[in-house]
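The block underneath contains the structure these notes are about, expressed in structure tokens.
Everything quoted here is computed from the prediction, not taken from an experiment.
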Amino acid sequence: SDSIFVAAHNRKGKGSVRMYGPDGTLLQEFGHQQLSRPQSVAVDMKENIFVTDYSNHQVYKYDRNGNFLSKFGGRGGGNGRLLDPFDICVDGLGRVIVADLGNNR
């Protein structure tokens, strides 16, 4: 995809992901129902969109059309839990890698 994704949030705790075309035209905005303070966006080879949410301590997954699919994480330090997830990427094997700032991992 040639799209550019931007995580955005306002001071009222409402967040979204904005998808722009290569020419800078806003194509769509999504995530209003789930996101509070989105921090980082990554796209996998299937064009699924992953978004870290710093305030909700979760990662949200959307399809290429911005439809919510699932989420994982939640506040905590144990396995599968996140505390202030800051950055995200998806490697060539499709593994989602999250920089978990609050847990130093």
Side-chain angles (χ1 to χ4, degrees):
S1 170
D2 291 336
S3 299
I4 300 163
F5 295 91
V6 176
H9 59 88
N10 63 29
R11 294 175 192 225
K12 296 180 181 179
K14 296 293 181 183
S16 66
V17 174
R18 296 177 185 156
M19 183 172 78
Y20 296 91
D23 65 353
T25 302
L26 179 63
L27 301 175
Q28 71 178 36
E29 189 170 8
F30 57 90
H32 297 96
Q33 299 298 328
Q34 298 84 26
L35 299 172
S36 176
R37 190 172 171 199
Q39 194 68 32
S40 184
V41 181
V43 182
D44 70 11
M45 294 171 63
K46 296 178 183 176
E47 297 187 12
N48 292 306
I49 303 157
F50 295 86
V51 184
T52 60
D53 192 305
Y54 192 83
S55 292
N56 291 333
H57 311 285
Q58 296 182 327
V59 173
Y60 294 85
K61 180 180 178 182
Y62 299 88
D63 69 15
R64 67 176 144 205
N65 297 313
N67 298 305
F68 173 75
L69 298 175
S70 62
K71 64 183 177 180
F72 65 88
R75 185 180 181 91
N79 288 338
R81 308 302 276 174
L82 300 168
L83 185 60
D84 306 330
F86 191 75
D87 207 354
I88 191 167
C89 70
V90 182
D91 71 10
L93 298 176
R95 295 178 293 200
V96 177
I97 303 162
V98 179
D100 188 4
L101 184 67
N103 286 314
N104 297 312
R105 56 184 181 190

Compare all side-chain heavy atoms of [X] with those of [Y] and state whether any distance is below 4.5 angstrom.
X: Ser3; Y: Leu27; answer: yes
X: Ile49; Y: Phe5; answer: yes
X: Ile88; Y: Val59; answer: yes
X: Tyr62; Y: Val51; answer: yes
X: His9; Y: Leu35; answer: no

Closest approach of Gly73 to Leu82 (non-hydrogen atoms, all atoms of both residues): CA-CD1, 4.0 Å

Of all heavy-atom pairs linking Asp53 and Pro38, the shortest is OD2-N, 4.0 Å

Once side-chain contact (heavy atoms from CB on, under 4.5 Å) is applied, do any residues pair with [X], and if so which ones, sequence neighbours excluded?
X: Asn79; result: none
X: Asn104; result: none
X: Gln39; result: Arg37, Thr52, Tyr54, Phe86
X: Lys46; result: Asp44, Asn48

Residue pair Ser40 / Asp87, side-chain donor-acceptor N/O under 3.5 Å: yes

Under 3.5 Å donor-acceptor pairs involving side-chain atoms of residues 91-101, not counting sequence neighbours:
unit_1: Asp91; atom_1: OD1; unit_2: Leu93; atom_2: N; d: 2.9
unit_1: Asp91; atom_1: OD1; unit_2: Gly94; atom_2: N; d: 3.1
unit_1: Asp91; atom_1: OD1; unit_2: Arg95; atom_2: N; d: 2.9
unit_1: Asp91; atom_1: OD2; unit_2: Arg95; atom_2: NE; d: 2.7
unit_1: Asp91; atom_1: OD2; unit_2: Arg95; atom_2: NH2; d: 2.8
unit_1: Asp100; atom_1: OD1; unit_2: Leu83; atom_2: N; d: 2.8
unit_1: Asp100; atom_1: OD2; unit_2: Asn103; atom_2: ND2; d: 2.8
unit_1: Asp100; atom_1: OD2; unit_2: Arg105; atom_2: NE; d: 2.9
unit_1: Asp100; atom_1: OD2; unit_2: Arg105; atom_2: NH2; d: 3.3

With rounding to the nearest 0.5 angstrom, report the [atom1] to [atom2] distance, [X] to [Y].
X: Arg81; Y: His57; atom1: CZ; atom2: NE2; answer: 10.0 Å
X: Ser36; Y: Lys12; atom1: OG; atom2: NZ; answer: 13.5 Å
X: Lys71; Y: Lys61; atom1: NZ; atom2: NZ; answer: 15.0 Å
X: Ser16; Y: Gln33; atom1: OG; atom2: CD; answer: 11.5 Å

Same cluster (ILVMFWY, side-chain, under 4.5 Å), Phe68 and Met19: yes

Salt bridge (Lys or Arg N to Asp or Glu O under 4.0 Å) pairs touching residues 18-35, sequence neighbours excluded, are Arg18-Glu29

Can we call the ring centroids of Tyr60 and Phe50 under 6.0 Å apart? no

Are the side chain of Asp63 and the backbone of Asn65 linked by a donor-acceptor contact shorter than 3.5 Å? yes

